[in-house]
Amino acid sequence: MRVRYVYALVFVLIASIGFFGLQDAGVVNLSSAYSYLAGIFFAEKITPDAIRSEYANSSLKVLIVPGHEKDTGGTEYKNLKERELVLQLGKYLQEELNKDTHLTSQITRDGSGDFTQWFKDYIAEGSIDVKVFTTSAKVKTAQAIIQGLFTPTTGVEHNTAPGPTALVLYGINKYANEHAVDLVLHLHLNDYPRRYTNQPGKYTGFAIYIPESQLPNTRSSKAIGDSIARELAHIEPRSSYKKEQPALVEDQELIAIGSYGTRDGASLLIEYGYIYEKKFTDLKLRDKTLRDLAHATYLGIEDYFNQKVALSTTR
């Protein structure tokens with residue numbers, strides 16, 4: 001019973017701080033605030049069959065999100081920065097996707113590493129709307145918990161996204177929903193806390209984070225994620241970290257894949273390996289590694305929609 005009282009208190013606090021604060025700012029009024037709570041909690045918005053139909057009709061939309069920002073965020077190892085490596089990986093992935101006439105793609109960062117102008121404009125012009133969207137989702141979740149319709153779970157521990165980063169990530173979810181983006185791919189490299197961070201760690205391999213089973217976009221995300229994981233496994237091992245085995249990891253808390261039910265379509269967060277692995281640290285191997293990872297990701301997507309594609313990374 002104590003747990004339910006805690007969740008009830010959380011609900012009241014979120015409702016008070018979020019909606020009443022927004023009301024004071026002239027964004028919403030009390031008569032409309034609780035309309036956000038109407039309807040079925042976390043109803044599936046798009047099915048695996050519907051996504052396949054989008055591809056068959058040559059109208060599948062993919063959004064590539066190289067992790068972090070131009071000058072901040074992400075893990076670092078010696079002279080390597082995650083945010084720079086995944087940007088290059090994202091460029092290679094977009095090149096792969098652009099060869100496929102059945103889909104269109106966008107990327108959230110440009111050649112300089114900064115956010116693309118269209119995305120900067122979206123966040124700048126719609127920051128209040130993103131905050132309303134986020135608060136609404138959190139209140140819905142709190143009420144679902146109180147009513148026993150949603151069970152909080154914890155998995156792999158993650159760093160908490162600071163306010164500006166959270167705004168960007170929820171903004172990506174909102175943009176993707178509004179523009180009927182079928183698949184969002186968040187690209188990252190892994191690391192973990194250890195005593196000697198200038199030395200390689202003990203874990204290796206890739207992991208793909210997908211929405212936890214209670215979230216609305218879990219089925220489509222899981223199906224595509226599983227296909228990508230099979231392709232990546234041809235060129236690198238699955239993560240050796242126990243909590244990331246067997247590479248497809250359900251998560252309820254990551255904003256990128258739709259925490260609080262904020263994402264309608266499929267969303268994946270791909271950790272392509274640990275930043276201290278030789279394939280990233282060795283300059284002679286790095287570019288080929290990034291190209292091969294992009295190619296394998298594309299093949300995984302393609303294989304999900306077209307079973308005739310050979311499971312091979314031959315270029």
Side-chain angles (χ1 to χ4, degrees), residues 36 38-65 90 93-94 96-108 118-119 122 130 133-134 136-137 140-141 144 149-150 169-187 208-232 247-252 254-270 296-309 311:
Y36 286 104
I40 302 173
F41 289 109
F42 305 129
E44 186 176 54
K45 302 294 179 63
I46 188 168
T47 66
D49 286 342
I51 288 185
R52 279 197 170 99
S53 177
E54 292 293 313
Y55 183 82
N57 293 325
S58 299
S59 57
L60 187 83
K61 296 180 181 178
V62 181
L63 179 61
I64 301 168
V65 185
L93 179 56
Q94 188 170 40
E96 296 278 354
L97 298 180
N98 285 345
K99 299 173 186 177
D100 192 328
T101 58
H102 285 266
L103 55 83
T104 59
S105 67
Q106 289 178 289
I107 190 167
T108 56
W118 63 263
F119 184 66
Y122 181 82
V130 173
F133 167 77
T134 304
S136 166
K140 275 187 177 183
T141 302
L149 301 175
F150 186 78
L169 292 172
Y170 282 119
I172 288 170
N173 289 348
K174 184 173 183 290
Y175 174 88
N177 292 346
E178 290 173 348
H179 292 81
V181 175
D182 301 289
L183 174 62
V184 178
L185 298 171
H186 292 261
L187 316 183
I208 300 178
Y209 284 82
I210 61 173
E212 192 262 340
S213 60
Q214 298 175 87
L215 294 172
N217 58 337
T218 182
R219 285 206 305 147
S220 298
S221 302
K222 184 175 183 179
I224 299 173
D226 184 61
S227 185
I228 294 174
R230 286 197 301 271
E231 278 295 340
L232 288 174
L248 215 61
V249 187
E250 289 193 6
D251 194 284
Q252 194 179 92
L254 285 170
I255 301 172
I257 53 178
S259 60
Y260 301 106
T262 53
R263 178 71 180 103
D264 294 343
S267 286
L268 308 174
L269 188 150
I270 307 176
T297 302
Y298 166 68
L299 283 182
I301 296 169
E302 183 73 7
D303 184 55
Y304 177 71
F305 295 107
N306 179 5
Q307 299 301 317
K308 294 180 182 180
V309 170
L311 293 178

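Note that this is a predicted model, so its numbers are computed, not measured. Residue numbers start at 1 and run along the sequence shown.
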Identify the heavy atoms of [X] and [Y] that sit nearest to each other, and give their distance.
{"X": "Val181", "Y": "Val184", "result": "CG1-CG2, 3.9 Å"}
{"X": "Gly90", "Y": "Leu187", "result": "CA-CD1, 3.5 Å"}
{"X": "Ile270", "Y": "Ile208", "result": "CG2-CG1, 4.1 Å"}
{"X": "Leu149", "Y": "Gln214", "result": "O-OE1, 4.4 Å"}
{"X": "Gly261", "Y": "Leu215", "result": "N-CD2, 3.7 Å"}
{"X": "Ser105", "Y": "Asn98", "result": "OG-OD1, 3.1 Å"}

Practice task
Would you sort out whether Tyr304 and Ile228 count as a side chain to side chain contact (heavy atoms under 4.5 Å, CB included), showing the intermediate values?
Solution key: CA-CA 8 Å; Tyr304 177 71; Ile228 294 174; over 6 Å; no
So does [Y] get a backbone contact from the side chain of [X], meaning a donor-acceptor N/O pair under 3.5 Å?
{"X": "Ser227", "Y": "Ile224", "result": "no"}
{"X": "Glu250", "Y": "Ser213", "result": "yes"}
{"X": "Asn217", "Y": "Gly265", "result": "yes"}
{"X": "Asn173", "Y": "Ile255", "result": "yes"}
{"X": "Thr134", "Y": "Val130", "result": "yes"}
{"X": "Asn177", "Y": "Asp264", "result": "yes"}

Handout entry: Partner set under ring-ring contact (aromatic ring centres under 6.0 Å, His included) for Tyr209, not counting sequence neighbours
Key =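 Listed in chain order: His158.
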Practice task
Could you pull out all residues at least two apart from Tyr122 that satisfy ring-ring contact (aromatic ring centres under 6.0 Å, His included)?
Solution key: Tyr175
State the [atom1]-[atom2] distance between [X] and [Y], to the nearest 0.5 angstrom.
{"X": "Ile46", "Y": "Arg263", "atom1": "CD1", "atom2": "CZ", "value": "8.0 Å"}
{"X": "Leu185", "Y": "Leu269", "atom1": "CG", "atom2": "CG", "value": "10.0 Å"}
{"X": "Ile301", "Y": "Leu268", "atom1": "CD1", "atom2": "CG", "value": "8.0 Å"}
{"X": "Glu212", "Y": "Phe150", "atom1": "CD", "atom2": "CZ", "value": "6.0 Å"}
{"X": "Leu63", "Y": "Lys61", "atom1": "CG", "atom2": "NZ", "value": "11.0 Å"}
{"X": "Asn57", "Y": "His102", "atom1": "CG", "atom2": "NE2", "value": "9.5 Å"}

Side-chain contact, heavy-atom cut-off 4.5 Å: [X] with [Y]?
{"X": "Ser136", "Y": "Tyr260", "value": "no"}
{"X": "Ile172", "Y": "Phe119", "value": "yes"}
{"X": "Ile257", "Y": "Ile210", "value": "no"}
{"X": "Leu103", "Y": "Phe305", "value": "no"}

Handout entry: With Thr297 via side chain to side chain donor-acceptor pair (under 3.5 Å) - residues at least two apart
Key = Tyr272
Handout entry: Qualifying residues under side chain to side chain donor-acceptor pair (under 3.5 Å), relative to Ser221, sequence neighbours excluded
Key = none
Practice task
Evaluate the criterion side chain to side chain contact (heavy atoms under 4.5 Å, CB included) for residue pair His186 and Leu169; output intermediate values, then yes/no.
Solution key: CA-CA 10 Å; His186 292 261; Leu169 292 172; 4.1 Å; yes
Exercise for the section: Count the heavy atoms of every other residue, nucleotide or ligand shown that sit under 6.0 Å from OH of Tyr298, and state whether that count exceeds 12. Expected result: yes
Exercise for the section: Using the test salt bridge (charged side-chain N to carboxylate O under 4.0 Å, His left out), find all partners of Asp100 that sit at least two apart in sequence or belong to another chain. Expected result: none
Practice task
Just grab all the salt bridge (charged side-chain N to carboxylate O under 4.0 Å, His left out) pairs involving residues 171-181, residues at least two apart or on different chains.
Solution key: Lys174-Glu178
Practice task
Could you tell me whether Asp226 and Arg230 make a salt bridge, using a distance below 4.0 angstrom between a side-chain N and a carboxylate O?
Solution key: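 So Asp226 pairs with Arg230 through a salt bridge.
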